[in-house]
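Have a look at the structure below before the remarks.
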Amino acid sequence: MDAVLRVCHFAGALERLLIARDAATFEAAWTVQDLDRLGWDALALARRAEVLALEPALAQVDRRLLALLERSRAFLERHVRTFRVPELERWQHAAAAALVGVRWGVAGLRTVVADTVAPRARRYFAFLCLVERHPPGAWPLFERYLVTPNAHYAFVAAAVAAARYYEGHADVLVRLFERIRSDVMLRRFLGPRILESLYVLRDPRSLPLFEGLLVAGHTDADADRCEVTRALVAVRNLTGRVAPSSKFGDAGTPAVRRALDEAERRFEAERDRIMPVTVI
């Protein structure tokens with residue numbers, strides 16, 4: 001029911017954009033409704049939903065987004081054309097993919113993903129719906145993106161997130177990390193996602209990678225992006241010990257243990273979080 005209410009709220013917010021008489025009113029309505037957050041939150045719930053009760057509200061969102069795209073492209077204001085139109089396009093693809101999932105389920109989503117002439121963003125959001133549902137027979141599809149060199153980064157990131165739901169395949173993620181570790185940009189983008197899924201899987205085959213990162217991993221103030229912090233918590237979970245690392249000089253101090261406890265609480269709270277790539 002929460003998903004239906006959120007999607008209906010989003011549809012109402014889009015209606016207020018449709019009646020905006022000019023670009024200034026359009027922008028004001030967007031800002032006052034905090035539409036950036038509202039839109040992605042509603043679409044995230046719709047992406048996970050499998051109830052037909054959501055279909056009417058989601059179909060209404062899809063129609064209003066199509067109408068808004070036509071209307072907003074007529075505005076000459078540069079900010080609207082540069083920032084708002086692309087966001088509306090992404091929402092429309094996400095809404096259309098979620099609608100396929102509600103109407104036709106996993107089979108419909110797989111059909112969209114396989115349609116190479118469909119817009120990439122539409123295929124990506126259908127793929128993301130599959131990740132959220134992680135059906136039992138979908139692992140070969142996800143694995144294909146993980147082992148294919150030069151696969152599109154957004155699909156690879158989604159497949160990495162999906163891997164946490166399929167036990168016994170941690171070795172695929174380990175090999176992917178080794179393949180991209182020398183690429184600075186890919187490692188910054190995919191590295192934290194790979195380590196997050198390996199952390200959730202808690203597979204002993206990932207232990208050598210985590211132990212290596214204790215010394216050679218990248219550090220960051222943000223625990224989610226700090227390879228050493230992730231490795232410390234993962235090694236502790238897999239072995240029961242707090243290992244020495246490049247980040248903490250004395251691994252046995254109470255301050256280090258508190259820091260790792262706090263990081264682990266954060267990791268556990270986020271273990272089912274799947275962050276979409278919004279620039280495709």
Side-chain angles (χ1 to χ4, degrees), residues 113 116 120-121 123-124 127-128 130-131 134 138-239 241-249 251 256 259-260 263-264 266-267 270-271 273-280:
V113 172
T116 56
R120 178 184 289 163
R123 294 175 58 230
Y124 167 73
F127 191 74
L128 200 59
L130 281 175
V131 172
H134 45 272
W139 170 248
L141 173 63
F142 299 134
E143 185 180 28
R144 189 186 315 152
Y145 285 91
L146 297 176
V147 302
T148 302
N150 301 319
H152 192 277
Y153 66 91
F155 287 81
V156 176
V160 165
R164 72 189 63 183
Y165 300 109
Y166 298 91
E167 294 183 359
H169 302 287
D171 57 317
V172 178
L173 293 178
V174 171
R175 288 196 298 271
L176 175 61
F177 189 92
E178 295 295 352
R179 196 172 79 229
I180 60 100
R181 72 184 304 163
S182 61
D183 185 315
V184 175
M185 296 303 292
L186 270 181
R187 181 168 176 172
R188 182 168 179 79
F189 175 69
L190 287 176
R193 291 170 165 84
I194 295 171
L195 298 180
E196 182 177 6
S197 285
L198 285 172
Y199 166 83
V200 173
L201 287 169
R202 299 195 181 191
D203 191 309
R205 287 175 294 181
S206 65
L207 183 58
L209 172 62
F210 281 124
E211 287 180 327
L213 291 175
L214 293 173
V215 176
H218 296 171
T219 59
D220 196 286
D222 182 352
D224 283 332
R225 304 200 62 82
C226 182
E227 294 177 355
V228 178
T229 299
R230 181 75 69 173
L232 280 164
V233 176
V235 169
R236 187 173 69 169
N237 286 340
L238 289 167
T239 67
R241 63 185 174 87
V242 179
S245 71
S246 60
K247 187 168 185 176
F248 298 109
V256 172
L260 296 186
E264 185 169 10
R266 179 171 173 177
F267 296 159
E270 298 171 345
R271 61 186 296 122
R273 178 195 64 175
I274 297 176
M275 297 297 291
V277 177
T278 56
V279 180
I280 312 299

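The first residue in the sequence is number 1, and the count goes up from there.
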Looking at [X] and [Y], would you say the former's side chain and the latter's main chain have a donor-acceptor pair under 3.5 Å?
{"X": "Arg230", "Y": "Tyr199", "result": "no"}
{"X": "Thr219", "Y": "Glu227", "result": "no"}
{"X": "Arg225", "Y": "His218", "result": "no"}
{"X": "Tyr124", "Y": "Val277", "result": "yes"}
{"X": "Arg188", "Y": "Met185", "result": "no"}
{"X": "Ser197", "Y": "Val160", "result": "yes"}

When rounded to the nearest 0.5 angstrom, what is the spacing between CD in Glu196 and CG in Leu190?
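Result: 12.5 Å between the selected atoms.
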About how many Å separate CG of Leu195 and OG1 of Thr229, when rounded to the nearest 0.5 Å?
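Answer for the OG1-CG pair, Thr229 versus Leu195, is 11.0 Å.
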If you apply the rule salt bridge (charged side-chain N to carboxylate O under 4.0 Å, His left out), what do you find for Asp222 with Arg266, and how did you get there?
CA-CA 11 Å; Asp222 182 352; Arg266 179 171 173 177; 2.8 Å; yes
Taking the side chain as every heavy atom from C-beta outward, state whether [X] and [Y] have any pair of such atoms under 4.5 Å apart.
{"X": "Ser206", "Y": "Leu173", "result": "no"}
{"X": "Leu176", "Y": "Val156", "result": "yes"}
{"X": "Arg205", "Y": "Val174", "result": "no"}
{"X": "Leu198", "Y": "Phe177", "result": "no"}
{"X": "Leu213", "Y": "Arg181", "result": "yes"}
{"X": "His134", "Y": "Arg164", "result": "no"}
{"X": "Asp203", "Y": "Glu167", "result": "no"}

Could you tell me how the ring of Tyr166 sits relative to the ring of Phe142: parallel (under 30°), tilted (30 to 60°) or perpendicular (over 60°)?
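Rings of Tyr166 and Phe142: tilted, 30 to 60°.
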Got a sec: does the CD of Glu178 have more than 12 other heavy atoms crowding it under 6.0 Å?
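More than 12 within 6.0 Å, yes.
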Inspect the surroundings of CZ in Arg120 and state if more than 12 heavy atoms from other residues, nucleotides or ligands are less than 6.0 Å away.
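For Arg120, atom CZ is not crowded (no more than 12 foreign heavy atoms under 6.0 Å).
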